[in-house]
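A quick write-up on the structure given underneath.
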Amino acid sequence: MIGKETRREDLILEIGGVPHPGLLSIEYSFDGKGALLKVVAGVHEQKGALTKKGSEAVLKALLPGGGAETIVTGRVRRSYGDEAKPALRRFLQIESKACDAVECAADGRKHGYNLKKQKLGAAADTLFKPYGIKVKVEADSREMDIAWAPGERAFDVVEERARKAGLLMTGAADGGVVLYKGTRGRHPGSFVVGDDRGDANATTLQFEDSEIGQFSQTHYYGQRYKGGKGKDETDGYAIVENEAIRRLRIDIRRMEHDGDDADLKQRSEWDDRRGAGGDAGNGTQIVLATPEWRDPDGKLWSAAFVRYVVAGDFELEQDMAIKSGQLSWSKEHQIARLTMVDPRSLGGKDAKGKSGDAWKVSTKKAKYEELS
């Protein structure tokens, strides 16, 4: 890539605390809206010593000054491949330890399937702790009652309330999860795209601009079952307008749980803005490629961190947030593929850049009313 020499990562994959001797390749993926960090490791394995599913796996990067940085702490979920004598060529599918909270039920027998007046961070800790999953709280909700039915997945119970509170969850290197709101930090420097620019340090893999799944108005209605303001808020209704969609397109949704005026307004704004961030193939996003896995300060590219992006061909010049990424490595090459969106689509602040109309995201506040 144009610019200075790329720093090559030196990686170690430990299985059960022992470095795997046959590591050939790594595909490491993260998502700003998902609890799982994922790795696909290409390896050579010897007959009689195949890696067992469920084994603890830790991916580390050796640091230039000594020591190692943990990238993922997880488990081998699956292995697959073929035989090539004298070794077995296989792939190990690894996910962070949070996979157990994602797949397993929230056991509520000790507290009647109801956690009363708890902040979401504390509730997540209660539900995830039995599975050995740590919770880091970078932003939290106000206190709420959290009730669920037997059989609901632990992660689903928390994630539904996170949407209500305008929060997101992503994976942590120790195998746990992070609760956050908006963007989580900044990568210094900028990505510059353009074949005609001498300072270019990234290339564009994909650009997408779609109105599908976006609406000029997002309505949320619901009820508060305990006494509140107005008509006990039994017919609460919140409406937010999206100035980026110019013709009439209305979406009406029901709050899954009890909610007051603040809940309904926040949820309608949240859904309205997330639609601009490329969810399910909708919205506006750009995928950039760079040979560097790290920013100038040595930090790995991370979910929900912001970096300035200049891409004249796409009328883009502003702060952008990393929604997801895939870092690929082999003995021959390495590359980072980063999907970037306007920070507001993750609940962040206005980027205040010089971009064209395609990058507009709704900034209006929701209005609350009650049905007569």
Side-chain angles (χ1 to χ4, degrees), residues 1 4-32 34-46 49-79 90-100 132-136 138 170-178 180 184-189 290-305 307 322 324-338:
M1 187 70 66
K4 64 181 180 62
E5 183 179 350
T6 300
R7 174 195 157 175
R8 290 278 298 155
E9 298 293 331
D10 192 0
L11 303 179
I12 298 173
L13 178 64
E14 295 182 352
I15 305 293
V18 178
H20 196 294
L23 181 61
L24 299 174
S25 65
I26 288 289
E27 294 280 349
Y28 159 60
S29 302
F30 59 86
D31 191 324
L36 299 183
L37 303 178
K38 300 180 180 181
V39 169
V40 176
V43 297
H44 273 163
E45 297 203 278
Q46 298 297 321
L50 299 181
T51 300
K52 304 297 189 294
K53 61 181 180 290
S55 299
E56 182 170 294
V58 181
L59 178 64
K60 296 180 178 180
L62 295 180
L63 300 175
E69 175 184 8
T70 297
I71 299 176
V72 180
T73 305
R75 300 197 179 278
V76 177
R77 310 302 312 284
R78 174 174 174 252
S79 65
R90 298 178 71 80
F91 291 94
L92 307 180
Q93 180 179 317
I94 297 164
E95 291 179 341
S96 52
K97 288 185 175 180
C99 64
D100 289 337
I133 298 162
K134 297 178 181 178
V135 178
K136 180 181 179 183
E138 294 180 352
T170 189
D174 63 4
V177 298
V178 179
Y180 72 96
R184 303 172 57 210
R186 172 176 290 277
H187 288 299
T290 173
E292 297 284 355
W293 275 29
R294 300 174 183 271
D295 68 23
D297 290 344
K299 180 177 175 59
L300 288 166
W301 306 123
S302 301
F305 272 66
R307 199 179 202 213
I322 300 175
S324 61
Q326 183 181 73
L327 310 186
S328 304
W329 173 93
S330 72
K331 296 185 181 298
E332 290 77 34
H333 77 284
Q334 70 177 32
I335 190 172
R337 299 173 179 87
L338 305 175

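Residue indices begin at 1 and follow the sequence shown. Remember, it's a predicted structure, so these values are computed and weren't measured experimentally.
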Can you give me every donor-acceptor pair (side chain of residues 56-70, partner residue at least two apart or in another chain, under 3.5 Å) with its distance?
residue: Glu56; atom: OE1; partner: Lys97; partner atom: NZ; Å: 3.0
residue: Lys60; atom: NZ; partner: Glu14; partner atom: OE2; Å: 3.4
residue: Glu69; atom: OE1; partner: Arg294; partner atom: NH1; Å: 2.8
residue: Glu69; atom: OE1; partner: Arg294; partner atom: NH2; Å: 3.0

**Message:** Using modelled atom types and a 3.5 Å cut-off, is there a donor and acceptor pairing between side-chain atoms of Gln334 and backbone atoms of Arg7?
**Reply:** yes
**Request:** Could I get the full list of side-chain contact (heavy atoms from CB on, under 4.5 Å) partners for Lys136, not counting sequence neighbours?
**Result:** Glu138, Val178
**Fill in**
Taken to the nearest 0.5 Å, the spacing of Leu23 CG from Lys331 NZ works out to 6.5 Å
**Request:** Could you check Val76 against Ile94 for side chain to side chain contact (heavy atoms under 4.5 Å, CB included), going step by step and ending with a plain yes or no?
**Result:** CA-CA 4 Å; Val76 177; Ile94 297 164; 4.1 Å; yes
**Request:** Enter the distance from Glu95:CD to Leu36:CG here, rounded to the nearest 0.5 Å.
**Result:** 5.0 Å
**Message:** So does Gly176 get a backbone contact from the side chain of Asp174, meaning a donor-acceptor N/O pair under 3.5 Å?
**Reply:** yes
**Prompt:** Can you tell me how far the CG atom of Leu327 sits from the OH atom of Tyr28, to the nearest 0.5 Å?
**Reply:** 6.5 Å
**Step-by-step side chain to side chain contact (heavy atoms under 4.5 Å, CB included) determination, Ile71 to Leu11** = CA-CA 10 Å; Ile71 299 176; Leu11 303 179; 4.2 Å; yes
**Asked** Shortest non-hydrogen contact from Leu13 to Ala41?
**Response** CD2-CB, 3.7 Å
**Asked** Using 30° and 60° as the class limits, which term best fits the ring planes of Trp301 and His187: parallel, tilted or perpendicular?
**Response** perpendicular
**From Arg77 atom CZ to Lys38 atom NZ, the distance as rounded to the nearest 0.5 Å** = 9.5 Å
**Message:** For a quick test of reading the model, state the closest non-hydrogen atom pair linking Pro188 to Pro296 and the distance between them.
**Reply:** O-CD, 3.6 Å
**Asked** Counting N and O atoms only, with roles assigned by atom type, does the side chain of Lys52 sit under 3.5 Å from a partner on the main chain of Leu50, one being a donor and the other an acceptor?
**Response** yes
**Asked** How many angstroms lie between CZ in Arg307 and OG in Ser302, if you round to the nearest 0.5 Å?
**Response** 12.5 Å
**Request:** Show the numbers, then the answer: is there a side chain to side chain contact (heavy atoms under 4.5 Å, CB included) between Thr170 and Arg184?
**Result:** CA-CA 11 Å; Thr170 189; Arg184 303 172 57 210; 3.8 Å; yes
**Prompt:** Do you know the tightest heavy-atom contact between Phe91 and Gly42?
**Reply:** CD2-CA, 3.7 Å
**Shortest non-hydrogen separation from Gly54 to Arg75 and the atoms involved** = O-NH1, 3.4 Å
**Asked** Under 3.5 Å, side chain of Glu9 to main-chain N/O of Trp293, donor-acceptor pair present?
**Response** no
**4.5 Å side-chain heavy-atom contact, Phe30 and Ile322** = yes
**Asked** Going from CG on Leu92 to OG1 on Thr51, what distance comes out if it is rounded to the nearest 0.5 angstrom?
**Response** 5.0 Å
**Asked** Of all heavy-atom pairs between Ile12 and Pro19, which one has the smallest distance, and what is that distance?
**Response** CG2-CB, 3.9 Å
**Message:** The test is side chain to side chain contact (heavy atoms under 4.5 Å, CB included); show your working for Leu338 and Phe305 and say whether it passes.
**Reply:** CA-CA 11 Å; Leu338 305 175; Phe305 272 66; over 6 Å; no
**Request:** Could you tell me which non-hydrogen atom of Ser330 sits nearest to which non-hydrogen atom of Arg8, and how far apart they are?
**Result:** O-NH2, 2.8 Å
**Asked** Counting only N and O atoms by type, is there a donor-acceptor contact under 3.5 Å from the side chain of Ser29 to the main-chain atoms of Gln326?
**Response** no
